[in-house]
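Down below is the structure, laid out as structure tokens.
Throughout, residue positions are numbered sequentially from 1 according to the sequence presented. Note that this is a predicted model, so its numbers are computed, not measured.
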Amino acid sequence: MLDRVRAALPALPPAEQRVARLVLADARNFASLPVGELAARAQVSKPTVVRFCRSVGYDGLSDFKLKLAGAVNEGVPFVHRAVDEDDKPRDIIVKVVDNAVSALLKYRNEAASHAIERAIAALAAACRNGRRIEFYGVGNSGIVAQDAQHKFFRLGVAASAVSDGHVQVMSATMLQPGDCALIISNSGRSRDLLDAAEIARRKGATTIVITASGSPLAHAASGAQHVLLAADHPEDDDRYSPMVSRLLHLIIIDILATGVVQRLGGELRPLLAEIKRNLRAKRYARTE
């Protein structure tokens with residue numbers, strides 16, 4: 001959680017930067033002080049303290065303080081450790097599993113529920129109204145985009161996964177208001193994805209971005225039609241394949257898909273039941 005505040009610090013307005021530095025200086029104390037005392041110590045107004053909490057991805061001061069208290073008081077029972085060249089297989093097992101668990105628990109503690117709610121609402125509206133949902137990713141993120149397309153096309157929506165930069169530009173150009181472009185990037189610095197996000201924004205589509213907070217792609221996800229789902233982790237992708245980020249992104253996609261199914265409820269139940277029946281018939285059909 002404090003890593004997110006540090007990453008967001010340079011992009012914050014000066015007054016909100018003072019609040020951020022107050023958090024970083026004494027997170028435990030920040031979580032327990034009333035808003036008036038926090039504003040006085042940071043030499044800002046009370047609304048600025050609340051705006052800061054929202055700027056870094058939380059519902060408000062209460063949500064920020066609740067999750068901050070959990071982070072500083074309980075901590076995360078798994079610590080991220082880099083895999084070293086001389087590690088034995090047992091060491092690799094422990095480190096890779098612990099790193100994945102650490103990232104998932106960190107996300108659970110820091111996830112901004114209001115951003116997830118906005119993303120689910122936009123995706124559910126696209127499903128209900130027969131609009132398009134496009135998933136953009138390159139490299140490892142392209143694999144996540146394919147998984148997302150597999151989950152969402154079963155909901156009866158026109159969903160597709162695009163991992164080629166040129167095709168992403170063409171796809172984004174054809175988007176319209178009511179459509180959704182969900183963009184996945186570990187680094188948030190891919191030129192292709194930044195271009196696709198900008199085109200989708202110009203076309204009036206809702207853009208949902210899963211990326212690292214403080215990245216160029218995260219900064220592009222601002223405004224009423226844009227949603228940032230920050231996915232921060234300490235993975236060192238210079239040492240080994242970025243599996244932790246992929247697992248984290250897959251979990252976020254699963255959260256969104258589950259939320260959409262929950263929201264649409266009865267509208268989807270007949271379709272999902274029919275898919276299940278057809279798959280069962282195919283699986284157990286006798287060969288003549």
Taking only residues two or more places apart in sequence or in another chain, which ones pass side-chain hydrogen bond (donor to acceptor under 3.5 Å, both in side chains) with [X]?
X	answer
Ser45	Thr48
His150	none
Asp195	Arg191
Arg277	none

Go through the side-chain N and O atoms of [X] and [Y] and say whether any donor and acceptor fall under 3.5 Å apart.
X	Y	value
Gln176	Arg131	yes
Asp59	Ser113	yes
Ser185	Tyr136	no
Gln149	Ser160	no

* Val144 and Asn140: side-chain contact (heavy atoms from CB on, under 4.5 Å), yes or no, with the steps? -> CA-CA 7 Å; Val144 180; Asn140 281 291; over 6 Å; no
Starting at [atom1] of [X], measure out to [atom2] of [Y] and round the result to the nearest 0.5 Å.
X	Y	atom1	atom2	value
Arg118	Leu228	CZ	CG	9.5 Å
Asn186	His249	CG	NE2	5.0 Å
Asn278	Glu274	CG	CD	5.5 Å
Glu16	Arg21	CD	CZ	12.0 Å
Ile208	Ile252	CD1	CD1	12.0 Å
Arg108	Lys67	CZ	NZ	11.0 Å

Tell me if a side-chain donor or acceptor on [X] pairs with a main-chain N or O of [Y] at a distance below 3.5 Å.
X	Y	result
Asp179	Leu175	no
Glu134	Ala181	no
Thr258	Asp254	yes
Arg51	Gly60	no
Gln168	Val162	yes

* Can Leu248 and Leu104 be said to form a side-chain contact (heavy atoms from CB on, under 4.5 Å), step by step? -> CA-CA 6 Å; Leu248 182 55; Leu104 296 179; 4.1 Å; yes
If you take all heavy atoms of [X] and [Y], which pair is closest and at what distance?
X	Y	value
Val138	Ser163	CG1-O, 3.5 Å
Ala8	Val56	CB-CG1, 3.9 Å
Gly178	Ala126	O-CB, 3.7 Å
Ala218	Gly214	CB-N, 3.9 Å
Cys127	Ile133	SG-CD1, 4.0 Å
Ser213	Asp232	OG-OD2, 2.7 Å

[X] versus [Y]: any side-chain heavy-atom pair under 4.5 Å?
X	Y	result
Ile210	Ile183	no
Val19	Val44	yes
Arg263	Ile120	yes
Gln17	Leu9	yes
Met174	Lys203	no

* **For Glu198, all residues meeting salt bridge (Lys or Arg N to Asp or Glu O under 4.0 Å), sequence neighbours excluded** => Arg201, Arg202
Is there a path of hydrophobic side-chain contacts, each under 4.5 Å between heavy atoms of I, L, V, M, F, W or Y residues, that connects [X] with [Y]?
X	Y	value
Leu105	Val97	yes
Phe153	Leu123	no
Leu250	Leu155	yes
Ile199	Leu217	no
Phe135	Val209	no

* **Stepwise side-chain contact (heavy atoms from CB on, under 4.5 Å) check, Asp192 with Asp164** => CA-CA 8 Å; Asp192 288 341; Asp164 179 89; over 6 Å; no
Contacts table for residues 30-38: side-chain donor-acceptor under 3.5 angstrom, sequence neighbours left out:
| residue | atom | partner | partner atom | Å |
| --- | --- | --- | --- | --- |
| Ser32 | OG | Asn29 | O | 3.0 |
| Glu37 | OE2 | Arg41 | NE | 2.8 |
| Glu37 | OE2 | Arg41 | NH2 | 3.4 |

* Asked: Please walk me through it: do Ser171 and Arg132 pass side-chain contact (heavy atoms from CB on, under 4.5 Å)?
  -> CA-CA 10 Å; Ser171 169; Arg132 292 170 55 203; 3.5 Å; yes
* Asked: Any chance CZ of Arg54 has more than 12 other-residue heavy atoms, nucleotides or ligands included, within less than 6.0 Å?
  ->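 No - once you tally the heavy atoms of other residues, nucleotides and ligands closer than 6.0 Å, there are 12 at most.
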* Given Asp147, Val260, Leu182, the one that forms side-chain contact (heavy atoms from CB on, under 4.5 Å) with Phe152 ->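 Per the side-chain contact (heavy atoms from CB on, under 4.5 Å) rule, the option paired with Phe152 is Val260, out of Asp147, Val260, Leu182.
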